[in-house]
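To start, the structure under review is shown below, and the notes come after it.
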Amino acid sequence: MKNDFVTVLDFGSSKITCMAAVRLSYSGEFIIKAVGQASYSGFDDKTFYEPDKLESAISLAISQVETKLDCKVRDIFVGVPGAFCASATSEASTTFHSRKKIEADDVTEIVNKANIHDGTDELSPLSGKPVYFLVDDTIKTYDPVGVIANKLTGLVNFSFMKKYFRNTVAPILLNIGIGEVYYVNTCEAQANFINNAMFNEGYSIIIDIGHITTNVSLCGGRGLLFQRTFALGSGYFASDLSQITMCDFNFAMAALEKVNLNLEVKAGDAYAVNGRMVEASQTNAVVKARICQIADYIVKSFQLCDKDIPIDTPVILTGGGLAYLRGGVDVLAQQLGKRVQLYTNVNPQTNRNEYTSTYGLLFEAVRTNKTKRGFLAFIRNLFKGDK
């Protein structure tokens with residue numbers, strides 16, 4: 001018997017999260033039913049740290065969901081972190097002999113023509129999804145089916161997964177009884193979810209500052225245009241404080257909960273932390289210095305982007321680190337020289353910044369849900385994961 005919920009597995013930089021939800025609509029609405037989580041050592045762009053402990057962490061996160069639902073998870077959507085993903089865009093066109101009504105097969109032809117997978121040994125294709133279409137080189141649309149035209153042009157984003165990730169994760173899932181696995185580019189799913197949740201129709205820049213990694217993405221309305229990951233995150237704040245102030249790491253973490261970068265502190269001001277005092281001016285300076293470095297990495301990341309980014313493109317910050325640091329958004333905005341919005345959602349179930357990547361995976365899973373509905377379903381299943 002098939003489960004009536006979708007389940008996703010999200011690999012954060014310090015925690016693995018399993019989340020199950022019930023679909024409300026094929027447009028991406030869902031209700032979260034269960035959450036499981038396990039801490040682990042994370043990863044870099046080449047390998048998982050402590051891979052021998054990975055199976056126990058994955059199993060713990062999934063088993064928590066199974067216990068809460070009193071049901072065995074049989075299939076799962078697995079988010080591939082940015083460190084193990086690559087993406088690229090390609091354009092293709094079809095010119096018709098005469099004006100005609102565009103059909104789903106015409107869209108399929110565009111995606112097939114644009115396909116750039118070269119069969120490399122290190123990467124496996126994940127998906128090919130249209131970002132947008134141009135009808136007769138003038139009219140921009142996201143769904144051209146039914147439009148009368150002479151020519152159809154599509155910009156298609158292709159995502160790829162490092163085979164190391166699949167070769168590491170797939171045997172673990174199979175060993176714990178999960179036979180169907182669908183891999184999803186986490187950055188793409190997160191960007192599309194945030195754009196939808198914050199009603200952005202055009203371009204947006206998504207910055208997800210995690211514990212030890214940061215993902216930056218450029219979303220072009222309905223698809224990913226650029227993504228990059230670098231090994232720097234909010235976990236460095238406590239490490240810096242620990243080294244500079246000669247305190248232990250746990251005390252430094254507690255001190256961060258008191259930090260307010262918007263305060264105009266002066267000599268003698270201090271934060272009270274667990275009955276101890278830490279000098280406010282020095283603490284703020286240490287944290288600001290690391291935020292400045294993260295901002296510098298963000299700028300350098302987008303210097304590698306070959307897309308023209310409109311000057312009014314909104315910048316949205318999410319993730320479980322800087323988003324919760326008082327004044328952190330303002331310091332980042334000052335360093336980037338652009339207004340930075342904090343991710344928000346009117347739905348209280350999906351309004352926590354540390355889970356936006358998981359929400360994105362649910363958003364994608366709900367819309368896909370292993371159905372064969374029209375041309376969008378074909379595109380989503382053009383490159384299948386393990387089954």
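Predicted model, so just to flag it, every value in this text is computed and none were measured.
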Residues, nucleotides or ligands: over 12 heavy atoms within 6.0 Å of Gln334 CD:
no

If hydrophobic clusters are built from ILVMFWY residues whose side chains come within less than 4.5 Å, do Ile298 and Leu342 share one?
yes

Rounding to 0.5 Å, atoms CD1 (Ile209) and CD1 (Ile291) come to a distance of 7.5 Å

Are Thr214 and Thr229 side-chain neighbours, meaning at least one heavy-atom pair lies under 4.5 Å?
no

Going by salt bridge (Lys or Arg N to Asp or Glu O under 4.0 Å), name the pairs with one or both residues in residues 182-191, residues two or more places apart or in two chains.
Lys129-Glu188

Side chains of Ser14 and Ile212: closer than 4.5 Å at any heavy-atom pair?
no

Any side-chain heavy-atom pair from Ile62 and Ile178 closer than 4.5 angstrom?
yes

Side chain to side chain donor-acceptor pair (under 3.5 Å) contacts touching residues 33-43 (sequence neighbours left out):
Thr17-Gln37, Gln37-Tyr355, Ser41-Glu50

Identify the two heavy atoms, one from Gly36 and one from Gln64, that lie closest to each other, and give their separation to 0.1 Å.
CA-OE1, 3.2 Å

Does the side chain of Phe5 come within less than 4.5 Å of Leu69's, by heavy atoms?
yes

Treat each ILVMFWY residue as a node, draw an edge where side-chain heavy atoms are under 4.5 Å apart, and state whether Leu9 and Leu60 are in one component.
no

Are Val340 and Leu232 in one and the same hydrophobic cluster, where Ile, Leu, Val, Met, Phe, Trp and Tyr link if side-chain heavy atoms are under 4.5 Å apart?
yes

Are any non-hydrogen side-chain atoms of Leu134 and Ile139 less than 4.5 angstrom apart?
no

List for me each residue that meets ring pair (Phe, Tyr, Trp, His ring centres under 6.0 Å) alongside Tyr164, sequence neighbours excluded, and say none if there are none.
Phe84

When every non-hydrogen atom of Pro144 is compared with those of Ile102, the smallest separation belongs to O-CB, 3.6 Å

Same cluster for Leu174 and Val65 if Ile/Leu/Val/Met/Phe/Trp/Tyr side chains link at under 4.5 Å?
no

Determine the interplanar angle of the Phe11 and Phe48 rings, folded into 0 to 90°, and report it as parallel if under 30°, tilted if 30 to 60°, perpendicular if over 60°.
tilted

Run the side-chain donor-acceptor check on residues 306-319: report pairs under 3.5 Å with partners two or more places apart or on a different chain.
| residue | atom | partner | partner atom | Å |
| --- | --- | --- | --- | --- |
| Lys307 | NZ | Thr89 | OG1 | 2.8 |
| Thr313 | OG1 | Pro310 | O | 2.7 |
| Thr318 | OG1 | Asn353 | O | 3.2 |
| Thr318 | OG1 | Asn353 | OD1 | 3.0 |
| Thr318 | OG1 | Thr356 | OG1 | 2.9 |

Between Gln227 and Asn185: side-chain donor-acceptor atoms closer than 3.5 Å
yes

Of all heavy-atom pairs between Gln349 and Tyr359, which one has the smallest distance, and what is that distance?
O-OH, 3.2 Å

Measure the CG-CD distance between Asn284 and Glu279 for me, rounded to the nearest 0.5 Å.
8.5 Å

One pair to check against side chain to side chain contact (heavy atoms under 4.5 Å, CB included): Arg23 and Val6. What are the steps and the verdict?
CA-CA 8 Å; Arg23 180 185 64 224; Val6 295; 5.8 Å; no

From His211 atom NE2 to Ser13 atom OG, the distance as rounded to the nearest 0.5 Å
6.5 Å

Closest heavy-atom contact between Leu126 and Cys85?
CD1-SG, 3.9 Å

Student check: side-chain heavy atoms of Met19 and Leu362 closer than 4.5 Å:
yes

Considering only residues two or more places apart or on different chains, which pairs with a residue in residues 83-101 satisfy salt bridge (Lys or Arg N to Asp or Glu O under 4.0 Å)?
Arg99-Asp136, Lys100-Asp106

Could you go step by step and tell me if Val78 and Leu173 meet the side chain to side chain contact (heavy atoms under 4.5 Å, CB included) rule?
CA-CA 10 Å; Val78 174; Leu173 294 174; 3.7 Å; yes

Taking every heavy atom of Val156 against every heavy atom of Gly128, the minimum-distance pair comes out as CG1-C, 3.9 Å

Do the side-chain N and O atoms of Asp208 and Tyr343 include a donor-acceptor pair separated by under 3.5 angstrom?
no

Distance (rounded to the nearest 0.5 Å) between Ser90 OG and Asn115 CG:
8.0 Å

Applying side chain to side chain contact (heavy atoms under 4.5 Å, CB included), run through Leu224 and Val131 and close with a yes or a no.
CA-CA 7 Å; Leu224 196 64; Val131 179; over 6 Å; no

Consider only side-chain heavy atoms of I, L, V, M, F, W and Y, link residues closer than 4.5 Å, and tell whether Tyr324 and Val286 are in one cluster.
no

For Phe193 and Asn345, the nearest pair of non-hydrogen atoms, with its separation, is CZ-ND2, 3.8 Å

Leu24: hydrophobic cluster co-members (side-chain, 4.5 Å):
Ile31

Under the ring pair (Phe, Tyr, Trp, His ring centres under 6.0 Å) test, which residues partner Phe30, sequence neighbours left out?
none

What residue among Cys219, Ser87, Pro130 forms side chain to side chain contact (heavy atoms under 4.5 Å, CB included) with Asn157?
Ser87

With side chain to side chain contact (heavy atoms under 4.5 Å, CB included) as the criterion, how do Glu55 and Ile176 come out once you've worked through the C-alpha distance, each side chain's angles and the decisive distance to 0.1 Å?
CA-CA 9 Å; Glu55 181 167 356; Ile176 61 179; 4.3 Å; yes

Spatial distance of atom OG (Ser124) from atom CE (Met161) [nearest 0.5 Å]:
5.0 Å

Are Val216 and Ile206 close enough that some pair of their side-chain heavy atoms sits under 4.5 Å apart?
no

Would you check if the side chain of Tyr132 reaches a backbone N or O of Gly223 as a donor-acceptor pair within less than 3.5 Å?
no

Once ring pair (Phe, Tyr, Trp, His ring centres under 6.0 Å) is applied, do any residues pair with Tyr297, and if so which ones, sequence neighbours excluded?
Phe230

Answer yes or no: are there more than 12 heavy-atom neighbours, outside Lys68 itself, under 6.0 Å from its atom NZ?
yes

Report the residues that fulfil salt bridge (Lys or Arg N to Asp or Glu O under 4.0 Å) with Lys266, sequence neighbours left out, ordered by chain and then residue number.
Asp269

Taking side chain as C-beta onward, heavy atoms only, is Met198 less than 4.5 Å from Thr344?
yes

Results of salt bridge (Lys or Arg N to Asp or Glu O under 4.0 Å) for Asp296 - residues two or more places apart only
Lys300

Taking atom CD1 of Ile294 and atom CG of Leu336, what is their separation to the nearest 0.5 Å?
10.5 Å

If a pair satisfies side chain to side chain donor-acceptor pair (under 3.5 Å) and one of its residues is in residues 147-156, list it, with sequence neighbours excluded.
Ser93-Thr153, Asp137-Lys151

Steps toward ring pair (Phe, Tyr, Trp, His ring centres under 6.0 Å) verdict (Phe77, Tyr182)
CA-CA 5 Å; Phe77 286 78; Tyr182 300 82; 5.3 Å; yes

Using atom types as modelled, flag every donor-acceptor pair under 3.5 Å from a side chain in residues 241-253 to any protein atom, sequence neighbours excluded.
| residue | atom | partner | partner atom | Å |
| --- | --- | --- | --- | --- |
| Ser242 | OG | Cys247 | O | 2.6 |
| Gln243 | NE2 | Ser239 | OG | 3.4 |
| Thr245 | OG1 | Leu241 | O | 2.5 |
| Asp248 | OD1 | Asn250 | N | 3.2 |
| Asp248 | OD1 | Phe251 | N | 2.8 |

